[in-house]
Amino acid sequence: MVLEALPHLPFHYRPFADGTFETNDYGVSVVVNDGVLGPSRVFAALVVMPTVLCFSLFHLASAVGIPRATKCIMGLSFIASGVHNIDNILRPTLYHTPEFIYRGELLFPMDVGVGFWHVVVALGYAAIQTHHPLFVLLHAVTTSFGLAHYAMAPFINFSLFAHATILFESAMGLLVARHFLSLSGPAPRKAQK
């Protein structure tokens, strides 16, 4: 771990919580007991991420020259992604989070999830600002990564709320892609001489 290697720190820093893991039916080591919910993870999930979400929605709502439908779809995409990721970070056992994602590599448990969500939001911003197909595709794909939860555990093992957040986020990713593709439309044909 990065910070454990720094001997001058005046405190013992342990970047991951005391979670316990089991290998599930799919052969994946997933968190089954979250242990202590540390203050860093609570701060990230209940202060940083909602602040970024509110800022994103405010910026989107006040943007000039963006069609109302685009604002609504992107706003719903940000909300769906935010709700799913905040809940996943606070309650990783409900989402059968794999050990390699749960263990904090730099700051706290699930820090990879927090960082990834910021990338999703940044790609959404880039898609809005540029309408470039690459950013639209990347945003649609990253919001659909929630479907990977179903590769970690059987479908029936998830709660109804977990299903709702995973599927809502993924559906919004597909809707964003469909919306932006419909805005671009087919390329105009050149007139025949």
Side-chain angles (χ1 to χ4, degrees), residues 24-26 28 30 44-45 48-98 100-102 110-188:
N24 66 12
D25 297 340
Y26 287 11
V28 178
V30 296
V48 174
M49 292 176 73
T51 301
V52 170
L53 181 60
C54 288
F55 174 78
S56 301
L57 293 172
F58 174 76
H59 179 70
L60 182 62
S62 62
V64 178
I66 298 175
R68 180 175 289 171
T70 301
K71 288 181 180 184
C72 290
I73 290 170
M74 288 304 294
L76 284 172
S77 175
F78 286 158
I79 290 169
S81 183
V83 168
H84 167 75
N85 284 283
I86 289 169
D87 192 52
N88 192 358
I89 286 160
L90 291 175
R91 303 185 305 169
T93 56
L94 292 182
Y95 293 89
H96 304 278
T97 303
F100 70 91
I101 291 176
Y102 176 81
M110 299 294 292
D111 60 1
V112 172
V114 173
F116 179 76
W117 181 74
H118 284 85
V119 170
V120 171
V121 171
L123 289 169
Y125 261 178
I128 292 166
Q129 296 299 323
T130 65
H131 288 267
H132 193 282
L134 178 62
F135 291 124
V136 173
L137 176 66
L138 288 174
H139 178 73
V141 167
T142 55
T143 54
S144 298
F145 273 0
L147 292 173
H149 286 291
Y150 298 126
M152 299 297 132
F155 188 83
I156 61 171
N157 289 3
F158 291 87
S159 71
L160 185 59
F161 187 77
H163 282 304
T165 65
I166 291 166
L167 296 174
F168 183 45
E169 181 187 31
S170 299
M172 288 312 303
L174 296 174
L175 186 59
V176 164
R178 166 101 172 57
H179 175 72
F180 277 96
L181 289 174
S182 71
L183 288 179
S184 61

From [X] [atom1] over to [Y] [atom2], what is the distance, rounded to the nearest 0.5 angstrom?
X      : Y      : atom1 : atom2 : value
Phe168 : Phe161 : CZ    : CZ    : 11.0 Å
Ile79  : Met74  : CD1   : CE    : 11.5 Å
Ile86  : Thr165 : CD1   : OG1   : 11.5 Å
Leu137 : Phe180 : CG    : CZ    : 12.5 Å
His149 : Leu167 : NE2   : CG    : 10.5 Å
Ile66  : His131 : CD1   : NE2   : 6.0 Å

Which heavy atom of [X] sits nearest a heavy atom of [Y], and at what distance?
X      : Y      : value
Phe158 : Leu94  : CD2-O, 3.6 Å
Ala153 : His96  : CB-CG, 3.5 Å
Asp25  : Pro154 : OD2-CG, 4.2 Å
Tyr26  : Tyr150 : CE2-O, 3.5 Å
Pro50  : Ala44  : CD-O, 4.3 Å
Ser144 : Gly173 : OG-CA, 4.4 Å

**Message:** Between His59 and Tyr125 (judged by ring centroids, cut-off 6.0 Å), do the two rings come close enough to count as a pair?
**Reply:**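 Between His59 and Tyr125, the centre distance is under 6.0 Å.
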
**Prompt:** Centroid-to-centroid, His163 to Phe155, below 6.0 Å?
**Reply:**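 Yes.
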
Quick one: does any side-chain atom of [X] pair with a main-chain N or O of [Y] as donor and acceptor, under 3.5 Å?
X      : Y      : result
His139 : Val120 : yes
Ser56  : Val52  : yes
Ser81  : Phe78  : no

**Request:** Sequence neighbours left out, what pairs pass salt bridge (charged side-chain N to carboxylate O under 4.0 Å, His left out) with at least one residue falling in residues 73-94?
**Result:**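 Non-adjacent pairs meeting salt bridge (charged side-chain N to carboxylate O under 4.0 Å, His left out): Asp87-Arg91.
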
**Request:** Would you check, one step at a time, whether the test side-chain contact (heavy atoms from CB on, under 4.5 Å) holds for Phe100 with Val112?
**Result:** CA-CA 9 Å; Phe100 70 91; Val112 172; over 6 Å; no

**Request:** Among Leu53, Thr142, Ile89, Asn88, find the residue that satisfies the side-chain contact (heavy atoms from CB on, under 4.5 Å) test when tested with Trp117.
**Result:**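 Output: one option passes, namely Leu53.
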
**Message:** Whether the Thr143 and Glu169 side chains hold a donor-acceptor pair (N or O, under 3.5 Å, no angle test) is what I'd like checked.
**Reply:**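 Their side chains do not contain a donor-acceptor pair, so the 3.5 Å distance test is not met.
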
**Request:** Given side-chain contact (heavy atoms from CB on, under 4.5 Å), test Gln129 with Phe135 step by step and report yes or no.
**Result:** CA-CA 10 Å; Gln129 296 299 323; Phe135 291 124; over 6 Å; no

